[in-house]
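In what follows, a single structure is set out as structure tokens and then discussed.
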2 protein chains.
Amino acid sequence: MARPTPAALKPRKSPRQARSAVTVEAIHTAAIQVLLAEGVGRLTTTRVAERAGVSVGTMYQYYPHKEALMFAIIQGHIGSIIDAMLEAASALSGQALAQISDGLVATWLDIKTEDIAGSRATYGLAAEFDISELVRREGERLACVLENLLISASDAQVVNPQAAAFMLIAVMGGAVRNVLEQGALDAEIAILRAELPLVCRAYLASSSRIRSGLAIVRQA
Amino acid sequence: MARPTPAALKPRKSPRQARSAVTVEAIHTAAIQVLLAEGVGRLTTTRVAERAGVSVGTMYQYYPHKEALMFAIIQGHIGSIIDAMLEAASALSGQALAQISDGLVATWLDIKTEDIAGSRATYGLAAEFDISELVRREGERLACVLENLLISASDAQVVNPQAAAFMLIAVMGGAVRNVLEQGALDAEIAILRAELPLVCRAYLASSSRIRSGLAIVRQA
DNA sequence: ACCTGAACACCGTTCAAGT
DNA sequence: ACCTGAACACCGTTCAAGT
């Protein structure tokens with residue numbers, strides 16, 4: 001099962017002239033438009049090229065295959081999510097553990113529910129082929145920042161910040177995805193908004209000691 | 001976006017003779033074999049039919065389209081997972097909340113990690129088309145049982161058992177999926193095994209009162 | 001009652017030919 | 001240096017013809 005390497009997913013060549021930069025951009029936005037308007041199942045190279053106003057051949061000059069195009073879309077989507085989380089993290093640095101937890105969850109939920117159609121489309125797109133490499137890389141980048149954020153907490157010391165950061169991402173990301181992917185009813189999102197902060201807060205509290213060094217009694 | 005209704009996903013007709021029952025079964029197992037041996041991307045009707053020793057036409061007599069075939073596979077997979085969880089639930093009924101939580105998490109992790117290749121293949125398959133209907137139905141069935149299980153806890157009373165059951169499924173399911181889908185490194189699974197029980201236990205403890213009616217002080 | 005497989009529409013991808 | 005679009009291999013699905 002020879003999977004394309006990440007390198008193979010990058011655009012085939014960089015545009016050297018102004019018009020080709022326009023072409024690349026047109027293809028990219030056309031792909032997003034088709035995705036949102038017609039769904040993953042109807043996202044075909046022909047349709048994208050038509051919408052972008054170029055021929056299929058032109059598309060293949062910049063994206064070696066369809067996957068590269070999808071990869072670019074997902075990369076943009078994930079990138080903006082990570083950026084928003086990094087920004088939130090820097091604003092939360094040094095606050096109390098509960099505030100940090102609540103802030104992260106709120107940011108995550110805001111990003112994902114602000115454009116539910118877009119989020120769902122991206123989940124579907126991501127599933128179409130192997131983006132585990134990208135998700136892993138970006139996930140690790142975020143995990144690293146979250147780890148330091150947890151360490152910065154003013155009132156408590158997370159015992160294993162690395163594991164906690166990893167779990168926070170897995171739990172927040174997974175739970176929200178689970179709900180959004182299966183219909184995303186308003187009632188379900190409401191439960192998520194009410195309960196996910198509790199999940200993360202309780203987890204972090206139970207995995208930390210107060211700053212003085214005295215252990216909190218674990219609720220068993 | 002006309003999605004096929006669940007009814008349209010069912011086998012087209014029931015086999016009326018012994019040999020056709022054999023044919024249906026052969027197609028079903030052939031599909032699983034192709035999926036595991038060649039991956040989702042190479043799971044084609046032609047290949048499945050060839051492996052099953054029938055023609056494509058025959059396949060279409062029992063499965064109205066490829067999706068119906070994939071649906072059958074996923075249904076079997078999810079069904080066995082739910083069954084295992086229901087069994088675990090009945091064994092845990094009436095125990096302490098922490099035991100219930102740990103038992104559920106352990107069962108879930110065991111099922112999912114016991115056959116990682118199969119789990120990953122199913123995630124990929126599930127993503128190929130819309131199974132939200134099925135996932136929702138089975139999820140609700142499980143949620144209902146978990147709700148009663150939480151209520152049965154001997155030492156504590158979960159304040160909102162319905163929401164807690166929903167979240168438990170979202171968190172367990174989502175977190176494990178997140179990790180398995182992106183490579184499932186041994187180190188990551190180890191973190192999951194160590195931390196996921198803490199996540200669920202801490203959440204349930206913080207969302208419950210002890211049976212006497214006295215409130216546990218929330219760790220804020 | 002069940003099975004076959006050529007035929008059809010559509011997809012991703014290529015490449016000789018153009019400007 | 002960039003673009004075109006007919007051509008190719010392959011896919012899901014159908015249906016007239018067989019047993």
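Only a predicted model underlies this, so the values are computations on that prediction, with no experimental measurement involved. A note on names: the letters A, B, ... follow the listed sequences, proteins ahead of strands, and every chain is numbered from 1. All heavy atoms count here, side chains included; hydrogens, waters and symmetry mates do not.
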Between A/Arg42 and B/Val56, name the one whose nearest nucleotide on DNA chain C is closer to the 5' end.
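Going by which nucleotide is closer to the 5' end, it is B/Val56.
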
Below 4.5 Å, heavy atoms only, C-beta onward: do A/Thr113 and A/Arg193 meet side chain to side chain?
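Heavy-atom side-chain distance check passes, below 4.5 Å.
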
May I ask you to test the A/Phe166-B/Val179 pair for a side-chain heavy-atom distance under 4.5 Å?
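In contact.
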
Below 4.0 Å: OP1/OP2 of [N] and any side-chain N or O of [X]:
X: A/Thr58; N: D/dT4; value: yes
X: A/Tyr62; N: D/dC3; value: yes
X: B/Thr45; N: D/dG12; value: yes
X: B/Thr23; N: C/dC3; value: yes

May I have the distance from [X] (atom [atom1]) to [N] (atom [atom2]), rounded to whole angstrom?
X: B/Glu50; N: C/dG5; atom1: CD; atom2: C1'; answer: 13 Å
X: A/Gln61; N: C/dA16; atom1: CD; atom2: P; answer: 15 Å
X: A/Leu69; N: C/dC11; atom1: CG; atom2: C1'; answer: 15 Å
X: A/Met59; N: C/dC11; atom1: CE; atom2: C1'; answer: 12 Å
X: B/Lys66; N: C/dA9; atom1: NZ; atom2: P; answer: 21 Å
X: B/Glu38; N: D/dC11; atom1: CD; atom2: C1'; answer: 15 Å

Identified pairing partner of D/dA9, criterion: Watson-Crick or G-U wobble below 3.5 Å
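With both distances under 3.5 Å required, D/dA9 matches none.
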
Counter-base of C/dG18, judged by Watson-Crick or G-U geometry with both distances under 3.5 Å:
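C/dG18 is paired, partner D/dC2.
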
Taking the minimum atom-to-atom distance to the side chain of B/Tyr60, which one of D/dC3, C/dT13, D/dT14 wins?
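From the listed options, D/dT14 comes nearest.
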
Per B/Thr44 side chain, nearest of listed nucleotides C/dG12, C/dT4, D/dG12
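That would be D/dG12.
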
Does the distance from a Lys or Arg side-chain N to an Asp or Glu carboxylate O, for B/Glu38 and B/Arg51, drop under 4.0 Å?
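So B/Glu38 does not pair with B/Arg51 through a salt bridge.
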
Can a donor-acceptor pair be found, under 3.5 Å and without considering hydrogens, that links the side chain of A/Arg136 to the backbone of B/Gln182?
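Flag set: sc A/Arg136 to bb B/Gln182 pair under 3.5 Å.
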
Applying side chain to side chain contact (heavy atoms under 4.5 Å, CB included) to B/Glu147 and B/Leu150, what does each step give before you reach the verdict?
CA-CA 5 Å; B/Glu147 186 182 338; B/Leu150 292 178; 5.9 Å; no

